[in-house]
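Quick note on labels: first sequence line is chain A, next is B, and so on, each numbered from 1. Everything numeric in this text was worked out from a predicted model, so none of it was measured.
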Amino acid sequence: MPSTELDELRSQLGSGAVLEGNVTAQYAVGELTPRAVVRPASAEEVAAVVKWARAHKRQLVPFGSGSKQAWGPWPEELDVVVDTARLNRLESLEPGNLTMRVMAGSALSAVQGWAAEAGLWFPVEFVEAPRATLGGTLAAGVTGPRRLAYGPARNWVLGLEVVTGSGEILHTGAATVKNVAGYDLTRLQIGAWGTLGIITAATIRLASRPAARVTVEAIYGSPDLASEACLALASHAAAPVAIEWLDYGAAQAVAGMREFPVSPGESVLLVMFEGERTVVDERWRLAQEVMSSARSVSVLDPGAQATAWAARYALSARVQKSYGQVVRLALAVPPARFAEAYAAAVQTMSLFGPLAAGGHAANGLMDFYVGLVGAQVPEAVATAVRTLRHTIKEMSGHVEVRSVPREFSQAMPWYGVRATEDLEASLASLFDPDVIFNPHRRPRQSRGR
Amino acid sequence: MVAALAAVVGANHVLAGAASLAAYSYDATGLKRRPHAVVLPGSAQEVAGVVQVAEAFGLPVVPRGAGTSLSGGAVPVHGGVVIATSRLNRIVSFNAKNRMVVVEPGVTNLRLQEFLRPRGFFFAADPSSYRVSTIGGNVAENAGGPHCLRYGVTTHHVLGLKVVLAGGRLVNLGGPAEDWPGYDLAGVLTGSEGTMGVVTEITLRVLPLPQSSRTFLVAFPSVDDAASAVSDMIAAQLLPGAIELMDQPSIRLVNAAVGAGYPEEAGAVLVVDLEGLAGEVVAQAQIMREICQRHHAVSVDEADDPVRQEALWRGRRAHYGAMARATRTGHVWIQDVTVPRQHLPEMFRRVLAIGERYGLHIDCAAHAGDGNLHPSIPFDPHDPDELARLYQADQEIMAACLALGGSITGEHGVGFEKIENMRLMYGPSELAMMREVRRVFDPHELFNPGKAVPGPADEKRGVWLFAVDRT
Ligand SMILES: Cc1cc2nc3c(=O)[nH]c(=O)nc-3n(C[C@H](O)[C@H](O)[C@H](O)COP(=O)(O)OP(=O)(O)OC[C@H]3O[C@@H](n4cnc5c(N)ncnc54)[C@H](O)[C@@H]3O)c2cc1C
């Protein structure tokens, strides 16, 4: 990249905001080091970067904390990373409206800190990495175990500031909890993986900070029994806020952090209740009536509770560490098919190596990890994924490939075929006509170049 | 054209007589425009066929549920073929374990709730029009309702949609599993007011009924006190199922109309539902009472059996109907502004001041917990002076709401009636993007033209009020 090209950016953003050379290594995406990193501090500066990229035909990868850059296909080239770290200010906090306006590069932990000062919290979590930014989390559309009670990330965002691929700054939504003026461009951006723009700020809803928390750990003889319990709990008056399920492989993978007392074939459930102290106790007592098929049920003391959840949150990192080469899949089915989906995944993937799975069972969502032992052929894994996808589709669900080792990326069927891909491609072309943002994540039909 | 439509849906499901066309020419706003024909398809395939015929004849397609839209959403302002969903009224499937129900769009909200209740569930959106409004209309308007305070609006519960797009193309958006891959197309269609396609099937997540619920009717000396109490309840992080507010004129109106039995001398009442575990409700009630006391509450009535609870709700639910009946002309203009909740008391003050300034009678009811106000103004469409004042007052109410960081519509939608006001809320870039997003789904603006999003600025359309039927 000719240095005059970057000088243009330096003159607009200040020289400290444009990085080249060794420091860019920490912004590697898929083992590729960007040619430059820019660090804008306002939506206007992001817009300037986008206009610059358009003029010079450069592609941009928006970058929060980097915690989810390894998800999805590996990029083939990497021009410029847009680091959102300097977009990190709280713009306003309205305890009287239970809302907050915050810049998108803010870490979720910072968002929680600000909310906590008002006795509130933001129920969209990315438990794998608390350093994750708000913008990255919303772009990925992920949330944590408490989605059982609070729903997906999209339900907690009232409005966004987004810079499109034409360098325009759009304001979607409003600071009100109800708003039906015009089309819902807010939901469209969430989960779009930065292909429809760079989110620079968000107005988010906040929830009451629960006073007490109790976790019940239950061991079930089989995934079927565990899943049945999840389904019963999810519509029970006890109203747990989270129900996390772990299979034996997952329990093994996190054994260094917490020894879940499971044998092969068994499942662990972590059932969390939150609220006022007295109410929480009433909740878990009520819940026992639908947990009687468990081999063991125990209420965790505060220390055990903390380690059990820390272990759950560390699952992905632990699996990666103990298995080395890992294929990570995301399965989703109607909740009643959860155990069946798990059985299908085990059957299809076990020939490649050790397996581990965990997930929000009552929502029908599962992370499924396949350790690759020995020299596996990418095409064989790809074929297995297609087979599994077909089976899961029969269950009205879907399978996405989350991450694979680099040499597997090319062969991998990352996404299933969707009949609406042309519509998605048109939307991508509308928001980003020159394919500037995250080209490796674009809907296939619009990838261009 | 009638013959071509009849070939698709059968002759007895095409209406083209003058009386039928008149019957489908209006919604709850009072605006009237006749369609060219009305069809009542019985399946998604028939909907697709009808769309193809309309396209071939170069006519718009206007989807229609129960016609209770308060924004002109269901009025065929450019004529065309009205697709009424009354025959698409099957509850297709229900699965308690999945907490999921699949319905056709013509199923009414009431019917769905009555189906779900004995099975231990409910659908979160409960618009005051729930007796007649359809799930298709609820989805198209992203409807709210009193209990959306705690449980969220329609879009929070839509998992998937089947939609007929231009060309009669039938697509599935989202689906029965969560985190459907790709962009949230179902989320874009929800609230799109029938301007992108015809929804033919809806997959909803439903919620378990709360173990216990208790209804309170709290009377206050003034609207200001009541609204301040609401703000404090939100700030205290109380999470009631619903907090509804009615002012004194509204109280007297519903007392006269349906014998609601609300305290006549009160400046305002709140109807509050607390829900959850029994113990939780008791604890919340304590906090709520303290807040109400702080704001000079004069009386608290409460009920925990369904019959008495319904009695406390009766007045609130009857408000709109009572208002329409009480006016000489039957015409009531209902605003739907929403403000950030800390500004609720201030917004009430401004609305009442605007009413005084223009010599208009304004009744106020509100989904107060959501910051969503419905100032209601009876008017006479034959009185040009009153219309002009109403128009001015209406513009000022919206300006006041926007000045407080609000939205010009919290649940009733933009439709035809607020289309020009969209420019007050969004800039040209946002509006242009919305127009383009619509064209991704509906390239030739076949579906419900003239609704939801205004054209480029020079394309001004008429003011709806002056188009209201004057007969
Ligand atoms: C007394 C009264 C009280 C009300 N209270 C509330 C309230 O509390 N909360 C609230 O949100 N609203 C309320 N409303 C407004 C209205 O009832 C809602 O907007 C409702 O969702 C409309 O449903 P409907 O079946 O009557 O739709 P219609 O009025 O027939 O249509 C509304 C819109 O939806 C489109 N549409 C309908 N069906 C389909 C379909 N199958 N596919 C695509 N588009 C479709 C139409 O084209 C139109 O744009 C109230 C109205 C009245 C008269």
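- Residue contact with chain A, scored on non-hydrogen atoms closer than 4.5 Å, involves the backbone and the side chain of B:Thr155 alike.
- Using a 4.5 Å cut-off on side-chain heavy atoms (C-beta onward), B:Gln211 and A:Leu286 make contact.
- Contact of B:Met196 with chain A is made through the side chain alone, with heavy-atom distances under 4.5 Å.
- Residue A:Lys178 comes nearest to B:Ser407 through the heavy atom pair O-CB, 4.3 Å, listed as atom of the first residue, atom of the second, then distance.
- Per-residue counts of heavy-atom pairs under 4.5 Å with chain A were compared for B:Pro181, B:Ser212, B:Gly371, B:Gly276; the largest is that of B:Pro181.
- For B:Val437 against A:Leu430, the heavy-atom pair with the smallest separation is N-CD2, 3.6 Å.
- Heavy atoms of B:Leu173 lying under 4.5 Å from chain A belong exclusively to its side chain.
- Residues A:Arg147 and B:Glu178 form a side-chain contact, since some pair of their non-hydrogen atoms from C-beta on lies under 4.5 Å apart.
- For chain B, the nearby part of A:Glu228 is the side chain; its heavy atoms alone come within less than 4.5 Å.
- Only the side chain of B:Asn372 comes within contact range of chain A, with heavy atoms under 4.5 Å apart.
- Of the atoms belonging to B:Asn172, it is backbone heavy atoms, and not side-chain ones, that fall under 4.5 Å from chain A.
- Contact between B:Arg99 and A:Ser235 at its shortest, heavy atoms only, is CD-CB, 4.2 Å.
- The part of B:Val153 that comes within reach of chain A is its side chain, from C-beta onward, which places non-hydrogen atoms under 4.5 angstrom from that chain.
- Residues B:Gly182 and A:Glu424 approach most closely at CA-OE1, 3.4 Å, considering heavy atoms.
- Both the backbone and the side chain of B:Met434 come within contact range of chain A, each with at least one heavy atom under 4.5 Å from a heavy atom of that chain.
- Contact tally against chain B (heavy-atom pairs below 4.5 Å) for A:Gly119, A:Gly151, A:Pro95, A:Gly141: the top residue is A:Gly119.
- Residues A:Phe431 and B:Met433 meet the side-chain proximity criterion, which asks for heavy atoms closer than 4.5 Å.
- Listed here is the closest heavy atom pair of B:Ser429 and A:Glu168: OG-OE2, 3.1 Å.
- Both the backbone and the side chain of A:Val279 come within less than 4.5 Å of a heavy atom in chain B.
- Contact annotation: the side chain of A:Leu427 approaches that of B:Leu185 to within less than 4.5 Å [non-hydrogen atoms, C-beta and beyond].
- Both the backbone and the side chain of B:Arg438 have a heavy atom closer than 4.5 Å to some heavy atom of chain A.
- Put simply, of B:Met100, B:Lys97, B:His156, the one with the most heavy-atom pairs under 4.5 Å next to chain A is B:His156.
- A search for ring-ring contact (aromatic ring centres under 6.0 Å, His included) contacts involving A:Trp121 returns A:Tyr150, not counting sequence neighbours.
- For the options B:Arg169, B:Glu141, B:His343, heavy-atom pairs under 4.5 Å to chain A are most numerous at B:Arg169.
- Heavy-atom distances place the side chain of A:Thr164, and not its backbone, under 4.5 Å from chain B.
- There is no side-chain donor-acceptor pair under 3.5 Å between B:Tyr183 and A:Thr420.
- Residue with the most contacts toward chain B among A:Ala192, A:Gly275, A:Ala232, A:Gly364: A:Ala192 (heavy-atom pairs, distance under 4.5 Å).
- Proximity to chain A (any heavy atom under 4.5 Å) is restricted, for B:His367, to the side chain, taken from C-beta onward.
- Ranking A:Leu98, A:Val177, A:Asn179 against chain B, the residue ahead of the rest is A:Asn179, based on heavy-atom pairs under 4.5 Å.
- A pairwise comparison of heavy atoms in B:Ala235 and A:Gly96 identifies CB-CA, 4.3 Å as the closest pair.
- Contacts with chain B (heavy atom to heavy atom, under 4.5 Å) involve these residues of residues 152-162 of chain A, listed by number: A:Arg154, A:Asn155.
- Contacts of B:Ile234 with chain A are made by both backbone and side-chain atoms, with heavy-atom separations under 4.5 Å.
- Comment: B:Arg341 does not engage A:Glu94 in a salt bridge, judged by the lack of any side-chain N to carboxylate O separation of less than 4.0 angstrom.
- Contact of the B:Glu280 side chain with the A:Glu282 side chain is not registered, since no non-hydrogen atoms from C-beta on lie closer than 4.5 Å.
- With contacts defined as side-chain heavy-atom distances shorter than 4.5 Å, the pair B:Leu165/A:Leu423 qualifies.
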